[in-house]
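Note that the coordinates shown come from a computational prediction; the quantities given were computed from them, not determined experimentally.
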Amino acid sequence: MERENSISCETQLEYCRAVIKPDERDEKVIIFVDNGFSGGNVDRDGFQNMMRLVRRGEVSKVIVYKLDRISRSLTDFVNILQEFKAHKVEFVSSQESFDTSSPYGEMIVKILMVFAEFERMSIINRVTQAYAHRSEMGFYMGGRRPYGFELVPTVIHNIRTKMLKPLPAEGEQVRDIFEAYARDGASLRRIVDILTAEGKHPLDGSGWTTAKLSALLKNPIYVKADLDVYDYFERRGVQITGDVSLFTGECGARLYGRARHRSDDPDWSDLRLVLLTHPGLVESDIWLKCQRKLERNRQITNSGCNPTSWLAGKVVCGKCGSTMTTIKGKRGKNGEVRRYFNCTGKTHKKICTGTEVTVYAGDLEEMISACIAGKLENPGTVRSSAEQGDPVEVNALKLKLKAVEQSERQLLEAALSGGFQGDLLEIAHRKAAELKRNRLTLQERIEELKRGGGPGAQADLALAWRNASYSQRKSAAMIVIDKIVIDGDGGTKVFWNF
């Protein structure tokens, strides 16, 4: 597609034809057009086809409209010229007069290419800055329409753009998915199976997969972004655009950029969160609960010591009494590889027919994890509303938080007034880092208490279990579980050590 107000491809070709010499008119002319591609990219079909002919010795002259039409990179252009020289190919530009056969002409060409490359980088910088500025203003910056919304025209800061508007039917499906996954024992695969069994297919005509559900659940475009959501992203090092006072729990947000992955600990420092103008669909507490669950599952899945399951050694076949081990299944259409438990009496001893249904490791782990969390929370005791987040403890934590924030402000004021020099500046940096850690720790604890994690060792143990790593869960399972018996029809019986 040709750009508006630019010279058309046909006009450029006419300029190229005009520099063909009279004694060359009978020569065979091949036209290569890479319509819609920038000169900054040499991976263009037309250009690559031309270079193949050059390398086969079938080209004597190459004519371009301008230098930057063949390349905007000085390095690429020098390499192209070297290839032309090696194959005795003459190079001509219809808009610049030079002779590449002489050192002077080659120098002029390279100088022109320096300016072409500078212009290309300037354009990239302008586009990048404009994109960042428009996104910070809350503009929807394109991409596929998120499920649950439609794009409608709007005007923001006197600029015509588009915004997201919730679609009632799709939005209701989105809320149901978040609420279902937030429940204890729920897994992505189980939700896919339930949605499929109930005939609740996406209203855009596609199908549900675990990958699609995972992407949907992670997207902050659906959350009613409030202070808790702000804190969640701030703790993870995300750059947040806009003042904290704007996070009122009404509008959704969007993440720009890509996270850098370091083992099972992603680095989010290159990501930027922008508050948009559309109303969110999901309450922040539900959305945050889903994020914590996704993170726990990712830690377990990515653990280098997770060849099988943290339940390994505890699962027994109800038919023959043999231990059941995990096996990796085939990769599905969505790229997911599922693990399932298989009876060693069937595979090794040949004395059993195994279970009649597939016992997926992920589903069993989810169920047992929910049972253990319930036991650690002591479900036999019903907490009163006063115990749900002890107001005295919450208030004390808030006072500590206020004191830390006040210390941070004082440190900042001292730094701005030039009160730190030399070694004192390094000490101030360490003090600032310590205050930030204390502030985030206090905010985390206040959030836990607000969620109902009242005081007491039982609540602390339940929280520790939910945040436990693979190795920690395996160690705890060895202590609290005697065995897990799987019947032939897939029924499960858990025998506890306490």
Side-chain angles (χ1 to χ4, degrees), residues 181 183-191 193-194 210 264 292-293 296-330 336-381 456-498:
Y181 187 69
R183 298 189 191 106
D184 289 338
S187 66
L188 294 176
R189 171 55 56 185
R190 189 172 297 173
I191 294 175
D193 293 341
I194 292 172
T210 55
D264 61 345
R292 286 188 286 270
K293 192 171 183 179
R296 288 196 302 272
N297 292 341
R298 183 171 62 246
Q299 288 171 359
I300 295 171
T301 301
N302 291 344
S303 173
C305 57
N306 187 23
T308 54
S309 166
W310 52 269
L311 293 174
K314 294 293 183 179
V315 185
V316 177
C317 174
K319 283 186 174 181
C320 67
S322 300
T323 302
M324 298 184 73
T325 58
T326 55
I327 296 177
K328 286 186 177 180
K330 294 181 179 179
E336 180 187 24
V337 177
R338 299 196 69 188
R339 299 165 295 132
Y340 61 92
F341 279 98
N342 202 28
C343 175
T344 55
K346 175 183 179 181
T347 57
H348 295 71
K349 304 174 186 176
K350 310 298 182 184
I351 61 172
C352 184
T353 57
T355 58
E356 298 170 5
V357 297
T358 303
V359 181
Y360 288 108
D363 292 344
L364 185 61
E365 288 168 349
E366 287 276 358
M367 184 189 75
I368 300 300
S369 176
C371 290
I372 293 175
K375 281 185 170 292
L376 294 175
E377 287 175 345
N378 192 11
T381 303
Q458 298 293 335
D460 290 341
L461 283 172
L463 179 63
W465 168 258
R466 290 193 179 95
N467 294 325
S469 65
Y470 169 85
S471 58
Q472 290 169 330
R473 288 195 173 207
K474 186 170 179 63
S475 298
M478 294 296 291
I479 296 171
V480 300
I481 300 173
D482 177 34
K483 61 181 177 180
I484 302 169
V485 179
I486 307 295
D487 296 332
D489 60 359
T492 304
K493 296 177 183 177
V494 184
F495 295 86
W496 304 94
N497 286 329
F498 70 94

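- With rounding to the nearest 0.5 Å, the separation of CZ in R190 from CE in M367 is 8.0 Å.
- Taking CG of L364 as the reference point, atom CD1 of I484 lies at 5.5 Å (rounded to 0.5 Å).
- Partners of S369 according to the side chain to side chain contact (heavy atoms under 4.5 Å, CB included) rule, which considers only residues two or more places apart in sequence or in another chain, are W310, W465, R473.
- Annotation: the span from N342 atom CG to I486 atom CD1 amounts to 12.0 Å, rounded to 0.5 Å.
- With rounding to the nearest 0.5 Å, the separation of CE in M324 from OH in Y340 is 10.5 Å.
- The OG1 atom of T325 sits 13.0 Å away from atom CG of L311, with the distance rounded to the nearest 0.5 Å.
- Residues satisfying the side chain to side chain contact (heavy atoms under 4.5 Å, CB included) criterion with A186, sequence neighbours excluded, are K293.
- For D193, the side chain to side chain contact (heavy atoms under 4.5 Å, CB included) partners two or more places apart in sequence, or in a different chain, are R189.
- Remark: C352 engages C317, K319, C320, C343 in a side chain to side chain contact (heavy atoms under 4.5 Å, CB included) (not counting sequence neighbours).
- In terms of the side chain to side chain donor-acceptor pair (under 3.5 Å) criterion, Y360 has no residue partners (sequence neighbours excluded).
- D489 places a side-chain N or O within 3.5 Å of a backbone atom of G491 that can act as its donor or acceptor partner.
- The backbone N or O of G490 sits nowhere less than 3.5 Å from a side-chain atom of T355 that would complete a donor-acceptor pair.
- Evaluation of the side chain to side chain donor-acceptor pair (under 3.5 Å) rule for S322 yields K349 as partners, not counting sequence neighbours.
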